[in-house]
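Below: the structure, in structure tokens.
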Amino acid sequence: MKKTVILTGAGISAESGIRTFRDKNGLWEGHRMEEVATPGAFANKPEVVHRFYNQRRAQLPEVEPNAAHRALAKLEQHLGDDFLLVTQNVDNLHERAGNTRVLHMHGELAKKRCTSCEYVSECTTDLAATNICERCKRPGGLRPDIVWFGEMPYHLDRIYRALEDADLFVAIGTSGVVYPAAQFVSHAKQHGAQTVEINLEAAANSADFDESILGPATENVPPFVERSINGSPSP
């Protein structure tokens, strides 16, 4: 079986109804990115940051995994330890579909982290600036466990090792402009992996892939997975 690394981005969750929160002017729910998605924003106006992420977290129970999520869970079940799913998404739709070998490089909405002791725990309700860490008991230091602009994505060492060992790298629903994820295809290709893009439209780095499959993830990921499981070539 092929060692496979999957990268997913906002495109796969958008088909489940996850809102991007960013409008055509680049504003996030009426806020500039600097106001809700940086360490400085949290230090200066934690209430605003908490309100923004509380709204996003509250949306999670309202959406369900789609056919593309479920297909990737089926692929993991087939490949076992030869499968790794890396996601730029902070929702929990992959896990709810059945995936367990998942690395959230940008963090998770359903987790919180203490800025004092770094303790990470589940978070299913609203956070506020007055919340107390359940481990160190420090008040006011809990933040969403989200990688903000200017912070280092999680799990990079493990991701790059997996890319170097992969036989197949597939990017699904990604723009190809967010680094370092945009470089994953080149890294995998340099180490001998076959590379496939499945996107609604060609990504910015589309030319780096051996194969591009364009169209909705819900329509293209399930048949791609079936071909991968059955060992059939792409059409």
Side-chain angles (χ1 to χ4, degrees), residues 1-13 65 68-111 113 118-122 144-199 203-213 217 221 224-225 227-229 231 234:
M1 290 188 289
K2 289 185 176 181
K3 292 185 177 181
T4 299
V5 176
I6 307 288
L7 171 68
T8 63
I12 193 170
S13 291
H69 292 107
R70 293 192 295 271
L72 293 178
K74 183 177 181 178
L75 184 59
E76 178 183 344
Q77 187 177 24
H78 175 71
L79 292 175
D81 288 337
D82 287 332
F83 176 95
L84 179 65
L85 175 55
V86 179
T87 185
Q88 297 171 281
N89 299 332
V90 296
D91 59 62
N92 56 6
L93 292 177
H94 284 303
E95 288 85 353
R96 287 166 58 190
N99 282 114
T100 59
R101 296 168 175 86
V102 184
L103 297 181
H104 284 265
M105 60 183 299
H106 293 160
E108 300 178 62
L109 275 174
K111 290 186 178 179
R113 176 159 53 89
E118 297 298 319
Y119 179 61
V120 176
S121 57
E122 297 298 314
D145 190 29
I146 301 292
V147 176
W148 288 327
F149 290 94
E151 296 182 324
M152 186 66 68
Y154 293 154
H155 312 298
L156 286 181
D157 287 346
R158 184 176 172 187
I159 292 169
Y160 279 115
R161 288 197 301 270
L163 292 171
E164 291 164 10
D165 201 30
D167 300 304
L168 175 64
F169 171 74
V170 186
I172 303 169
T174 65
S175 65
V177 297
V178 178
Y179 286 83
Q183 297 174 320
F184 290 172
V185 57
S186 298
H187 196 78
K189 201 168 184 178
Q190 288 170 3
H191 289 82
Q194 176 191 0
T195 58
V196 179
E197 167 195 24
I198 303 177
N199 259 333
N205 59 351
S206 184
D208 295 332
F209 289 88
D210 297 320
E211 179 183 359
S212 290
I213 302 172
V221 174
F224 177 83
V225 166
R227 292 193 299 270
S228 299
I229 291 175
S234 298

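No experiment lies behind these values; they were computed from the predicted model shown.
Proximity of Asn199 to Ser206: side-chain heavy atoms (C-beta onward) are nowhere separated by under 4.5 Å. Using a 4.5 Å heavy-atom cutoff, the side chains of Thr87 and Val102 are in contact. Using a 4.5 Å cut-off on side-chain heavy atoms (C-beta onward), Leu72 and Thr8 make contact. The shortest side-chain heavy-atom distance between Val170 and Phe224 falls under the 4.5 Å cut-off. At least one side-chain heavy atom of Lys74 sits less than 4.5 Å from a side-chain heavy atom of Ile229. Residues Asp82 and Lys3 form a side-chain contact, since some pair of their non-hydrogen atoms from C-beta on lies under 4.5 Å apart.
A donor-acceptor pair under 3.5 Å is formed between the side chain of His104 and the backbone N or O of Asn89. For Asp167 (side chain) and Ala193 (main-chain N/O), no donor-acceptor pair under 3.5 Å exists by modelled atom type. Panel note: side chain Gln88, backbone Thr174; no donor-acceptor pair is recorded below 3.5 Å. A donor-acceptor contact shorter than 3.5 Å is absent between the side chain of Asn99 and the backbone of Glu76.
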Start with the C-alpha distance between Val147 and Met105, add both sets of side-chain angles, then the distance that settles side chain to side chain contact (heavy atoms under 4.5 Å, CB included), and finish with yes or no. CA-CA 8 Å; Val147 176; Met105 60 183 299; over 6 Å; no
Give the C-alpha distance, both sets of side-chain angles, the deciding distance and a yes or no for side chain to side chain contact (heavy atoms under 4.5 Å, CB included) between Phe169 and Val185. CA-CA 7 Å; Phe169 171 74; Val185 57; 3.8 Å; yes
Going through the checks in order, is the side chain to side chain contact (heavy atoms under 4.5 Å, CB included) test met by Glu122 and Lys111? CA-CA 4 Å; Glu122 297 298 314; Lys111 290 186 178 179; 3.6 Å; yes
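Rounding to the nearest 0.5 Å gives a distance of 10.5 Å between CG of Leu168 and CZ of Phe83. Expressed to the nearest 0.5 Å, how far OG of Ser13 lies from CD1 of Ile172 amounts to 11.0 Å. Atom CG of Leu156 sits about 12.5 Å away from atom CZ of Arg158, to the nearest 0.5 Å. Interatomic distance, CG of Asp208 versus NE2 of His187, reported as 14.0 Å (0.5 Å rounding).
Looking at every heavy atom in both residues, Ala217 comes nearest to Ala68 through O-CB, 3.7 Å. Contact detail for Val5 and Ala162: the closest heavy-atom pair is CG2-O, 3.8 Å. Counting all heavy atoms, side chain and backbone alike, Gly176 lies closest to Ala204 at O-CB, 3.7 Å.
One finds a salt bridge joining Lys189 and Asp210 here, because a Lys/Arg side-chain nitrogen approaches an Asp/Glu carboxylate oxygen to under 4.0 Å.
Under the side chain to side chain contact (heavy atoms under 4.5 Å, CB included) rule, Arg101 has a single partner from Asp81, Leu85, Leu79, Ile6, which is Asp81.
Crowding of Gln183 atom CD: a count of heavy atoms from other residues, nucleotides or ligands under 6.0 Å exceeding 12.
Ring pair His94/His69 is perpendicular by interplanar angle, where above 60° counts as perpendicular and below 30° as parallel.
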